[in-house]
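As the structure lists them, so they are numbered: ligands from 1, and atoms in each ligand from 1.
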Amino acid sequence: MPSTQDGLTWNRHLTGLRCIHCGHLHQVGPLTAGCPRCRTREFVANLWLEYDLASLRHGLQRTTFTDRRAGLAAYNPLLPVEDASGELSLAEGNTPLLPAPYLRRAFSQVWLKDETRNPTFSYKDRLCYTAVSAGALLGRRVACVASSGNHGAATAAYARRAGMECVVIGTGTPLPVMAAQMRAYGAKLVRAEDTERWRVLRRCVEEYGWWPTGNYTWPLASGNPFGPEGYKTIAYEVWRDLGERVPDVVLVPVARGEGLAGVWKGFLELAELGLADRLPRMVGVEPEAGGPLARAWRAGRELTGMEMLTPGRTVAVSIGGGVSSTQALLTVRDSGGHALTVSDEEILAARARLAEEGLLVEAAAATAVAGLSRLEREVPALAAGVAAVVLTGSGLKDAIPLAVDFEPESVPVVTADDFARTFRDRFGVDPSELGVG
Ligand SMILES: [Zn+2]
């Protein structure tokens, strides 16, 4: 395993990848399919990157949190890959924290972390900065992801930045704006049926050595463990911009819960570094058409018992999934938080309310805002004090049809068995040759 590549090195304080279920500490490496030690046919646990924070604490400069010029590269001492020159960054992060007195109700303050201002207009840029950096350090030439939207666009942009190829596997008919954006960054797009896409991706990862920035396995609950490391910087910035204070409650829209868990990990690290003296309660908000996390939370389910639902349609297309993750459930439990669902009507009303205040967000982002009043009704004790809400992506992506030169039908449909042939026919290159030479 390379430890340096093109100016990239592993963080010397990184001690390994810790399984959140069995506790085993794995060596740093390309462990992108969850914990191999406690994995079963029905269950997989997430791995969390672990640092020697005790020794890191002494050498940490205050400027790590206040240098707003460098994007996430400023946080390199706390991220897995040291990108000393900042070359892989697109100046993501450092997004504004906006006061929202019009949403306050039972809370003393409500703050909106406006992630729509990121380079590809969603908070996935944070995830992809750290996930793609790790792939680049490992010498991978192709990044891949199952996505029809934000995750695909961010992977495409960051792969391009790192000199890697990018293949995005979507399901259904892609939203034209999202697909056009991915293509503009040079991504190759294919489509596959819902469960088939995991077989396709698995083949790409295992046969071609492509680097997945998201989940590619079944049972589906994992994701690239280097990704939430980017999300944790949201916690650093909220803490910094509240005057080095921790909010009482943080609301995050949830699909697989990598964002929810990543932000929680950031607050945990701030506390362990001696910078924060308390922790927030984490609230995951899902559309009620699915809601696997909220259902597991209500049922008091053990971390090993995540259920696969068949989700209905929702306006919040970015988070309309049928399965969540062990790390999402653990985050809600350990933080003393909550998981809830909101209706499409509540989501659209929240989006309209934000737009009246000058903020156009995607429906998935409005889901977390809708969670504020739902939380007040369901758990009044949590609806107090200072709340921070993560607005994950821009409304331009799913709200406004743009005139773009893109035909959704031109994205070929693949299965695991015919993937190589279809890919060759469509793109003129064998997938095994992609990124080579
Ligand atoms: Zn394990």
Side-chain angles (χ1 to χ4, degrees), residues 1 10-11 13-54 78-81 127 130-131 134-135 137-138 145-146 198-199 201-202 205-206 211-232 254-269 271-272 279 282 284 292-293 295-297 299-308 321-337 339:
M1 190 184 72
W10 292 116
N11 186 328
H13 295 288
L14 187 60
T15 52
L17 290 87
R18 177 84 66 185
C19 174
I20 63 169
H21 180 63
C22 74
H24 186 76
L25 186 65
H26 299 270
Q27 276 192 339
V28 177
L31 287 168
T32 51
C35 179
R37 195 181 178 94
C38 63
R39 182 187 190 91
T40 69
R41 286 177 66 85
E42 291 81 34
F43 170 78
V44 61
N46 303 99
L47 299 171
W48 275 19
L49 271 66
E50 191 167 283
Y51 303 81
D52 180 3
L53 290 175
L78 292 158
L79 297 180
V81 176
L127 175 147
T130 49
L137 172 49
L138 289 163
V145 67
W198 306 120
R199 291 184 61 215
L201 259 178
R202 187 171 191 124
V205 171
E206 293 178 354
W211 182 246
T213 63
N215 183 76
Y216 69 96
T217 63
W218 191 267
L220 181 159
S222 182
N224 187 313
F226 297 94
E229 293 296 299
Y231 283 145
K232 76 184 183 186
V254 167
R256 312 243 168 76
E258 288 185 293
L260 185 77
V263 174
W264 171 238
K265 187 169 189 279
F267 283 114
L268 286 173
E269 289 182 358
E272 207 169 327
L279 294 165
M282 301 297 297
L293 176 63
R295 186 182 292 212
W297 175 243
R301 194 156 282 135
E302 289 298 311
L303 296 179
T304 51
M306 191 59 74
E307 185 183 6
M308 176 70 192
V323 66
S324 193
S325 65
T326 314
Q327 61 184 347
L329 197 51
L330 176 129
T331 295
V332 171
R333 187 193 71 182
D334 288 0
S335 72

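- When atom types are taken as modelled, the side chain of T326 and the backbone of N46 share no donor-acceptor pair closer than 3.5 angstrom.
- Across every non-hydrogen atom of V332 and A339, the tightest pair is CG1-N, 4.0 Å.
- Side-chain atoms of K232 never come within 3.5 Å of backbone atoms of E269 as a donor-acceptor pair (strictly under, hydrogens ignored).
- Nearby protein atoms of type N, O or S around the Zn ion (ligand 1) amount to 4 (distance under 2.8 Å).
- Proximity of a side-chain donor or acceptor of S335 to a complementary backbone N or O of M282 within less than 3.5 Å is detected.
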Determine all donor-acceptor pairs shorter than 3.5 Å in which one atom belongs to a side chain in residues 24-35; sequence neighbours excluded.
from	atom 1	to	atom 2	distance (Å)
H24	ND1	R37	NH1	3.3
T32	OG1	Y216	OH	3.3

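- The shortest heavy-atom contact between R333 and W297 is CA-CZ3, 3.7 Å.
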